[in-house]
Structures are given as C-alpha cells and as structure tokens.
Amino acid sequence: MKMAVKLVSMLCLALLFAASAFSAPQPRVPEAYLENGNFEEQPNPKFLQKTKLVGKYSLPKWEINGLVEYVSGGPQPGGMFYPVSHGTHAVRLGNDASISQTIKVKPGQLYALILGASRTCAQEEVLRISVPPQSGDVPLQTLYSLNGDVIAWGFKATSNVAKVTFHNPGVQEDPTCGPLLDAIAIREFYPPRPTRVNLVKNPSFEEGPFPIFNSSNGVLLPPQQQDLSSPLPGWIIESLKSVKFIDSKHFNVPFGLGAVELVAGRESAIAQIIRTVTNKVYNITFSVGDAKNGCHGSMLVEAFAAKDSFKVPFKSEGKGRFRTVSFKFKAIAPRTRLTFYSSYYHTRIDDYGSLCGPVLDRVIVFPVA
C-alpha cells in the first residue's frame, strides 16, 4: 500500500513539472519608458544654472519641486562619480526635492515602475515613490552593484490616470546630496492565479519586472512590498533588504525566463500565502542553484511552511547548476505562509562590491494523496 501511494505521489510530481513547463506565461506588454523617462530630452539652457534646474516645468515632460539637478554621468568635480549606465543624462534630487509625471493607466491593473537609481553621497539616502493612494520608501544605502542599481516598485491603479512622484524625503548637511535617477519605465502585469496542480501563484517567476532597458545586473525588488501590489506578482517581499529578479537573457535561470536571487542573506526573503486545508499534508518542491554570475561558495536556502522548516545546502562553483528538492509539511490553518531566504551573505569573486546569492525557481505545492 505504501509503495502504491509513493508511486502515485511520484507520478503527480512528474505531471506537475510537465504542466508547469508548458503553461509558463510569457512576459506581458505594454512596457515603455515614461515620457522623457531616460532624461535625454535636454532642458532649455535658459532654465539651467550650472546643473540646477530653474522652474517647475524646466525638465521636459516632468514637473519638478525643490532642488533638482540635471547631470551627466561619469567623474564629477570634487572627486565624485555618477553611475549613469542607461544613457548619458540623469537627475539628482536634493533635499526634499521631487519630480513627477501623470501617466495613463487602467483601473484595477497591476504595474511595476522600473528605474535606474543609486545614491550619490555617503549618507543614508532614501527614495520615496508614490502613486496615490500608495507610497513606499526605497532604501538606497546598500549598493548591490558598483555601476548603479535597477529597482522595481509595484502599484495597483485606482483610476485611468496616475500621478507618479519620486521624492527625496531626506535633509542632509549637503543640500545637493540625494538619489540619482537615470531611467524610468513602466510594465503592466496580470495577476497570476493558482492552478489545480499547483497552489502557488507565479511559481516559476515568469510574471515579473523583466528589464526594459539593458540591465545585466538584474532588477532589485525593494523590501516590504505586499503581494497585492508587488513588482513580483503573487509574492511578498517581506525582508529588510532587497531581493533580485533575474532573467534568462543575462543569467542562468533553472527554468523558463525568470527567477529570484536571494542576495542579502537572512535580510533578503520572499513569501507567499497559499490556501490550504487544516491538518492536510502537502508536498513542496523547489529548485536552488546559482546564476552563473561569479557567485561561489557554500550556500544554504531555508524554507518555511506552517510549523515545518527545511534547509537546502548548495555548493556553488559558478557554473549555473541547480538542484531540485521535495519536502512534506502539514497545514495548521486555512492559509499557509511559504517563506524562503538565504542563510549566508555572498559576493561575486570578480567584484567584492556586488552582493549575490542562491537562485530560487519553480516552487510547487500540492496535496499528498
């Protein structure tokens, strides 16, 4: 009898893998820069005092408030360096400064703003992104790559227009210190749903903030974003630090087009709440590997479901390998939270300034027969 149950369970698992392999959705459109989203449409010289923009509408297609500078990438006077990797020009938001633009959207639709952003001074800097009634603070203190980071921030549209605002809420001793923005785009999502063969929504991360402009470093998903407006549909970014969304064009991804890299140890976690039946036993299967991006060493991914926890060690040689594991857990409520994080910190061997970590892909949960 036990052998028959085991065979049925293995057959179900094989069917699940086959189903997820053929049902993975493709990246959705539309996707586009915001108007003058890369800031390459230059302001009239009469509205510039050196680098300072003068006038509320001095930056083409944008509305500005406070001290906003129009700058070029590269070395700056005073020994500073601006990492503008998406084009030539960028804007820097000084103390309490902001830029905003009103865009057309679809009511009830989920979107992700994808932007190139980095800090410019040694002080702790924060970028506040708002699309009323939603707002969130993106910490920029931690640099995940030396040539500037790409960030995704999600929101759900409540009307057919939305005012997008990027604001520096900080007040630094140097009033010009503040976030540097060098490209801003938007991507539209469709909310993923669980299926009869998998209780996990968006299990293989095929719906995500795929890079719109060239981003060989992946896309950071800032912390504390809920699943109803997450830039990774279906998933919660519940950690203190960012996780990274990676795509198969620039990284080794175990399955399909997208995956998640856990880049900040236990401070970098994703979660999802799934529907379960109390006291029923479930099987959870997921894959762990490396992105073939110079991330070497002993890795350990920890997973939690109900009262159960699982540790998955992985020895990375930076060759893009992965392993798939399966565990069982018992539901203790009608809702069960799945959580994944990396136990250790890692950096790339060719760039100790760039955080990296294990890759998570294809999470499958189904009831045990």
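The analysis underlying the following values was restricted to heavy atoms, covering all of them including side chains, and did not include hydrogens, waters or symmetry mates.
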*If you round to the nearest 0.5 Å, how far is NZ of Lys61 from CD of Glu35?*
6.0 Å
*Checking side-chain contact (heavy atoms from CB on, under 4.5 Å) for the pair Val91/Leu59: CA distance, chi angles, key distance, verdict?*
CA-CA 9 Å; Val91 295; Leu59 180 63; 3.9 Å; yes
*asked:* Within this structure, what is the CD-CG distance for the pair Gln272 and Leu199, rounded to the nearest 0.5 Å?
replied: 9.5 Å
*Assess whether salt bridge (charged side-chain N to carboxylate O under 4.0 Å, His left out) is satisfied between Glu238 and Arg337, documenting all intermediate values.*
CA-CA 12 Å; Glu238 65 172 13; Arg337 177 182 289 265; 2.6 Å; yes
*Gap between atom CG of Asp96 and atom CG of Leu67 - 0.5 Å precision*: 10.5 Å
*If two hydrophobic side chains count as joined below 4.5 Å and joins carry through other members, does Val288 share a cluster with Tyr341?*
no
_Val150 side chain near Asn217 side chain, heavy-atom distance below 4.5 Å_ = no
*Evaluate side-chain hydrogen bond (donor to acceptor under 3.5 Å, both in side chains) for Gln101 paired with Asn36, printing each intermediate quantity in order.*
CA-CA 10 Å; Gln101 185 177 128; Asn36 195 23; over 6 Å; no
_Test side-chain contact (heavy atoms from CB on, under 4.5 Å) applied to Leu140 and Ser118, step by step_ = CA-CA 6 Å; Leu140 298 177; Ser118 60; over 6 Å; no
*Anything under 30° is parallel, anything over 60° is perpendicular, the rest tilted; go ahead and classify Phe245 against Phe210.*
perpendicular
_Show, in sequence, the C-alpha distance, side-chain angles and deciding distance for Ser287 and Thr324, and conclude whether the side-chain hydrogen bond (donor to acceptor under 3.5 Å, both in side chains) test is met._
CA-CA 4 Å; Ser287 297; Thr324 299; 2.7 Å; yes
*Distance-minimising heavy-atom pair for Lys241 and Ala264*: CB-CB, 3.6 Å
*Run the numbers on Lys50 and Glu69 for salt bridge (charged side-chain N to carboxylate O under 4.0 Å, His left out), then give the verdict.*
CA-CA 9 Å; Lys50 294 185 177 179; Glu69 293 182 278; over 6 Å; no
_Would you say that Ile274 contacts Val365 through its side chain, given a criterion of any heavy-atom pair below 4.5 Å between the two side chains?_
yes
_Side chain to side chain, Pro334 and Thr276, heavy atoms closer than 4.5 Å_ = no
*Quick one: do Val161 and Leu34 end up in the same hydrophobic cluster if we chain Ile, Leu, Val, Met, Phe, Trp and Tyr together by side-chain heavy atoms under 4.5 Å apart?*
no
*With a 6.0 Å cut-off on ring centres, are Trp62 and Phe39 close enough?*
yes
*Is the side chain of Ser239 donor-acceptor paired with the backbone N or O of Ala269 at a distance under 3.5 Å, no angle test?*
yes
*Heavy-atom closest contact (Ser316 atom, Cys295 atom, distance)*: OG-O, 2.5 Å
*asked:* I need the Ser229 OG to Lys156 NZ distance, nearest 0.5 Å.
replied: 9.0 Å
*Measure from the side-chain N and O atoms of Asn283 to the backbone N and O of Phe366, and report whether any donor-acceptor pair falls under 3.5 Å.*
no
*What orientation do Tyr70 and His89 show, parallel under 30°, tilted 30 to 60°, or perpendicular over 60°?*
parallel
*Would you check, one step at a time, whether the test side-chain hydrogen bond (donor to acceptor under 3.5 Å, both in side chains) holds for Thr285 with Ser326?*
CA-CA 4 Å; Thr285 299; Ser326 293; 2.8 Å; yes
*Shortest non-hydrogen contact between Ile151 and Ala117, atoms and distance*: CD1-CB, 3.9 Å
_For the backbone of Trp235 and the side chain of Ser230, can you confirm whether one donor and one acceptor N or O come within less than 3.5 Å of each other?_
yes
*At their closest point, which heavy atom of Pro231 faces which heavy atom of Gly154, and how far apart are they?*
CD-N, 3.8 Å
*Between Arg187 and Ala152, is there a donor-acceptor pair closer than 3.5 Å when you use the side chain of the first and the backbone of the second?*
no
*Output yes when a side-chain donor or acceptor of Asn44 lies under 3.5 Å from a complementary backbone atom of Ser58, and no otherwise.*
no
*Without swapping roles, check the side chain of Asp137 against the backbone of Arg128 for a donor-acceptor pair under 3.5 Å.*
no
_Whether Tyr344 side chain and Gly297 backbone form a donor-acceptor pair below 3.5 Å_ = no
*For Lys280 and Val368, run side-chain contact (heavy atoms from CB on, under 4.5 Å): C-alpha distance rounded to whole Å, both residues' side-chain angles, the deciding distance at 0.1 Å, then the answer.*
CA-CA 8 Å; Lys280 195 171 185 64; Val368 174; over 6 Å; no
*asked:* Would a single hydrophobic cluster contain both Ile64 and Phe47, if residues Ile, Leu, Val, Met, Phe, Trp and Tyr are joined by side-chain heavy-atom contacts under 4.5 Å?
replied: no
*Is it the case that one hydrophobic cluster holds both Val363 and Phe327, taking links as side-chain heavy atoms less than 4.5 Å apart, direct or via other members?*
yes
*Report yes if some heavy atom in the side chain of Val164 is under 4.5 Å from a heavy atom in the side chain of Leu113; otherwise report no.*
yes
*Honestly, is Arg362 close enough over Phe255, meaning NZ or CZ under 6.0 Å from the six-membered ring centre and within 45° of the axis?*
yes
*asked:* To check you understand the geometry: which heavy-atom pair defines the closest contact between Leu300 and Pro313, and what is its length?
replied: CD1-N, 3.5 Å
*asked:* Quick check against the 3.5 Å criterion: does Asn252 have a side-chain atom that pairs as donor or acceptor with the backbone of Ala291?
replied: no
*Is there side-chain contact between Arg266 and Ser343, with heavy atoms separated by less than 4.5 Å?*
yes
*Going by heavy atoms in the side chains, are Leu127 and Leu115 under 4.5 Å from each other?*
yes
*When rounded to the nearest 0.5 angstrom, what is the spacing between CD1 in Ile270 and CG in Leu262?*
6.5 Å
*asked:* Are Thr336 and Tyr282 packed together at the side-chain level, in the sense that at least one heavy-atom pair is separated by less than 4.5 angstrom?
replied: no
*asked:* Between Asp290 (side chain only) and Gly320 (backbone N and O only), is there a donor and an acceptor less than 3.5 Å apart?
replied: yes
_Nearest heavy atoms of Phe314 and Arg321, plus distance in Å_ = CZ-O, 3.2 Å
*Are side-chain heavy atoms of Glu63 and Lys163 found at a separation under 4.5 Å?*
yes
*Go through the steps for Val138 and Ile129 under the test side-chain contact (heavy atoms from CB on, under 4.5 Å), then give the verdict.*
CA-CA 7 Å; Val138 177; Ile129 304 174; 3.9 Å; yes
*Measure from the side-chain N and O atoms of Asp247 to the backbone N and O of Phe251, and report whether any donor-acceptor pair falls under 3.5 Å.*
no
*Shared hydrophobic cluster, Val126 / Val68 (ILVMFWY, side-chain heavy atoms < 4.5 Å)*: no
_Checking Phe340 against Phe304 for the ring-ring contact (aromatic ring centres under 6.0 Å, His included) test, could you report, in this order, the C-alpha distance in whole Å, the side-chain angles of both residues, the deciding distance, and whether it holds?_
CA-CA 7 Å; Phe340 299 88; Phe304 299 85; 9.1 Å; no
*How long is the span from the CZ atom in Arg119 to the CG atom in Asp149, to the nearest 0.5 Å?*
10.0 Å
